[in-house]
Enquirer: 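One structure, pasted below without further comment.
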Amino acid sequence: MPELPEVETVRRGLEKSILNKKITEVIIKRKNVVKEPGVGQFKKGLIGKKVKGIIRRAKLIIIKLENNKYLIIHLRIAGWLEYGKQMEKARVVFKLSNEKYLNYMDQRLLGELRLRNSYEDLNFIKTLGPEPFDINSKQFQEIITKRKTNIKTLLLNQKVIAGIGNIYAQEALFLSGIDPQRPAYSLSNKEAGSLLKKIILVLKEGIKYGGSSVDTYRNIEGSKGGMEKRLKVYGRENEPCFSCGKAIAKIALAGRGTCFCAYCQK
DNA sequence: AATGGGACCTGCGCGC
DNA sequence: TGCGCGCAGGTCCCAT
């Protein structure tokens with residue numbers, strides 16, 4: 001799924017659905033998705049515990065429990081969480097004290113669940129860059145203008161800036177009129193400032209419309225997002241640019257599909 | 001130090 | 001219809 005807006009949408013949904021509910025049962029159908037601890041300890045640490053908080057950091061959902069343990073969920077590419085009835089295709093099911101279920105769905109089995117005593121010390125989290133909302137344009141300039149990689153690939157590097165993925169990177173670059181292939185250091189201060197503004201704008205728009213359901217992503221209620229209809233370049237190869245009308249191009253950067261308008265983005 | 005490619009998985013759509 | 005291939009919202013590991 002799941003880039004920052006989708007994960008934030010999930011976080012808000014969880015806050016409404018499972019906060020202060022107790023986990024009464026954990027059914028693990030695919031034990032490989034539970035990365036730590038072992039499935040026995042995983043269940044034992046969760047069953048009978050009340051949910052005390054839902055945190056998002058980058059693309060991670062962090063569920064705080066009353067025993068001060070944290071359930072850390074990374075949805076990776078195809079994961080989502082669905083609340084309500086128990087689902088047949090769920091990989092892990094959490095039964096709650098109100099007789100409802102939280103289903104961990106993940107067609108491709110690339111997602112990860114962890115139960116830990118803390119989350120800040122998880123290596124991935126420790127090495128994350130700042131949230132886009134937490135930096136100003138000067139800090140953003142300092143981050144990107146030292147780097148040689150193309151700007152689009154840099155935006156996907158979670159250690160540089162956290163939460164942006166392949167959809168929103170392409171959208172932000174289109175909105176700021178910057179060619180995704182440009183070396184990061186070649187951006188002027190003005191361009192860097194504009195890019196950060198557009199990143200924040202598009203992420204906020206994504207949150208406002210409940211995320212993008214390009215493929216498997218669903219919100220807590222199992223519904224699609226509304227943002228996928230508002231995307232300007234992602235998934236629009238050969239379709240007309242909304243600004244100039246010429247065909248949207250698609251190239252690969254660091255192995256990832258990248259759509260952009262070669263006329264509007266310089 | 002930083003970059004690119006492959007690996008991890010499954011399922012879908014496309015062309016032949 | 002059936003099959004093989006390429007591709008998919010993310011991140012890690014390894015060789016260079």
Side-chain angles (χ1 to χ4, degrees), chain A residues 1-11 29-36 56-61 72-81 88-92 104-114 122-129 132 143-174 180-185 199 202-203 205-207 209-219 224-238 250-259:
Chain A
M1 65 166 195
E3 304 182 30
L4 189 156
E6 290 74 32
V7 178
E8 178 60 22
T9 302
V10 170
R11 191 197 68 76
K29 300 196 196 179
R30 281 294 199 129
K31 56 185 176 196
N32 287 352
V33 302
V34 176
K35 299 298 177 189
E36 70 174 300
R56 181 193 60 74
R57 173 75 171 103
K59 301 169 190 171
L60 293 152
I61 295 280
I72 304 167
I73 303 177
H74 199 317
L75 300 163
R76 290 286 186 107
I77 286 187
W80 80 95
L81 291 166
E88 197 184 332
K89 290 191 173 171
R91 305 305 197 180
V92 177
Y104 171 70
M105 310 298 292
D106 187 1
Q107 187 179 75
R108 287 172 70 180
L109 294 168
L110 293 171
E112 302 181 344
L113 307 187
R114 295 191 153 76
L122 184 65
N123 198 48
F124 177 71
I125 294 182
K126 229 169 27 183
T127 59
L128 281 171
I143 291 171
I144 67 167
T145 50
K146 292 180 198 136
R147 301 301 201 106
K148 284 185 283 192
T149 330
N150 65 73
I151 183 62
K152 190 265 186 165
T153 300
L154 192 70
L155 293 180
L156 298 186
N157 184 341
Q158 302 298 296
K159 291 175 172 54
V160 172
I161 186 165
I164 303 167
N166 207 25
I167 295 177
Y168 295 92
Q170 292 171 49
E171 294 301 302
L173 285 163
F174 174 78
Q181 304 166 96
R182 294 255 309 271
Y185 62 73
I199 288 168
V202 79
L203 292 175
E205 192 184 6
I207 295 169
Y209 289 96
S212 308
S213 295
V214 167
D215 189 4
T216 54
Y217 170 70
R218 297 293 181 274
N219 66 24
K224 291 191 177 195
M227 185 62 189
E228 67 278 0
K229 298 186 212 70
R230 312 181 70 84
L231 300 176
K232 305 284 194 295
V233 282
Y234 178 87
R236 297 196 63 249
E237 183 186 11
N238 292 329
K250 186 174 184 183
I251 58 171
L253 290 176
R256 311 293 308 278
T258 306
C259 292

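Chain letters run A, B, ... following the sequence lines, proteins first and then strands; every chain starts at 1.
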Enquirer: Given atom CG of A/Leu110 and atom P of C/dG10, what is their separation to the nearest angstrom?
Expert: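 About 11 Å, once rounded to whole Å.
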Enquirer: Does A/Arg147 get its side chain close enough to the base of B/dA2, under 3.5 Å, for a donor-acceptor pair?
Expert: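 When only heavy-atom distances are counted, A/Arg147 does not reach the base of B/dA2 through any donor-acceptor pair under 3.5 Å.
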Enquirer: Can you tell me how far P of C/dT11 sits from CD1 of A/Ile77, to the nearest Å?
Expert: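 Answer to the nearest Å: 9 Å.
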Enquirer: Any base atoms under 4.0 Å from A/Lys146, or only sugar-phosphate, or nothing? Heavy atoms, all strands.
Expert: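 Nothing, no heavy atom under 4.0 Å.
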Enquirer: Taking the side chain of A/Gln158 as its heavy atoms from C-beta onward, which of B/dC8, B/dT3, C/dT11 lies nearest to it?
Expert: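 The answer is C/dT11, which lies nearest to the side chain.
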Enquirer: Hey, does A/Leu109 reach any base, or is it just sugar-phosphate, or nothing, if we go heavy atoms under 4.0 Å?
Expert: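 Here A/Leu109 touches the backbone only, sparing every base.
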Enquirer: Where the side chain of A/Lys59 is concerned, which of B/dG11, C/dG10, B/dC9 is the nearest nucleotide?
Expert: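 Nearest to the side chain of A/Lys59 among the choices is C/dG10.
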Enquirer: Nearest to the side chain of A/Thr149 - C/dC7, B/dG4, C/dG10?
Expert: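 Output: B/dG4.
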Enquirer: Checking all strands, does A/Ser212 fall into the base, sugar-phosphate, or nothing category for heavy-atom contacts under 4.0 angstrom?
Expert: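 Since a base atom lies under 4.0 Å of A/Ser212, the category is base.
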Enquirer: Is A/Lys159 touching bases, backbone alone, or none of the nucleic acid, heavy atoms closer than 4.0 Å?
Expert: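 The residue A/Lys159 makes sugar-phosphate contact but no base contact.
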Enquirer: Name the closest nucleotide to the A/His74 side chain, picking from B/dT3, C/dG10, B/dT10.
Expert: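 It is C/dG10.
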Enquirer: Calculate the interatomic distance between A/Glu112 atom CD and C/dC12 atom P; express it in whole Å.
Expert: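 Going from A/Glu112 (CD) to C/dC12 (P), I get 8 Å.
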Enquirer: Quick one: label A/Phe124 by what it contacts on the DNA or RNA (base, sugar-phosphate, nothing), any heavy atom closer than 4.0 Å.
Expert: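 Result for A/Phe124 = sugar-phosphate.
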Enquirer: If you define the side chain from C-beta out and look only at heavy atoms, does anything of A/Gln158 sit under 4.5 Å from A/Lys59?
Expert: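 The answer is yes; the side chains approach within 4.5 Å.
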Enquirer: Taking all non-hydrogen atoms of both residues, which atom of A/Ala58 and which atom of A/Leu128 are closest, and how far apart?
Expert: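 Heavy atoms of A/Ala58 and A/Leu128 come nearest at CB-CD1, 3.7 Å.
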Enquirer: Donor-acceptor pair, A/Glu36 side chain versus A/Arg114 backbone, under 3.5 Å?
Expert: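 No.
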Enquirer: Could you tell me the separation between the NZ atom of A/Lys148 and the C1' atom of B/dG4, rounded to a whole number of Å?
Expert: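 In whole Å, B/dG4 C1' lies 14 Å from A/Lys148 NZ.
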Enquirer: Touch check for A/Gly255, heavy atoms < 4.0 angstrom, all strands: base, sugar-phosphate only, or nothing?
Expert: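 No contact at all - A/Gly255 keeps every heavy atom at 4.0 Å or more from the nucleic acid.
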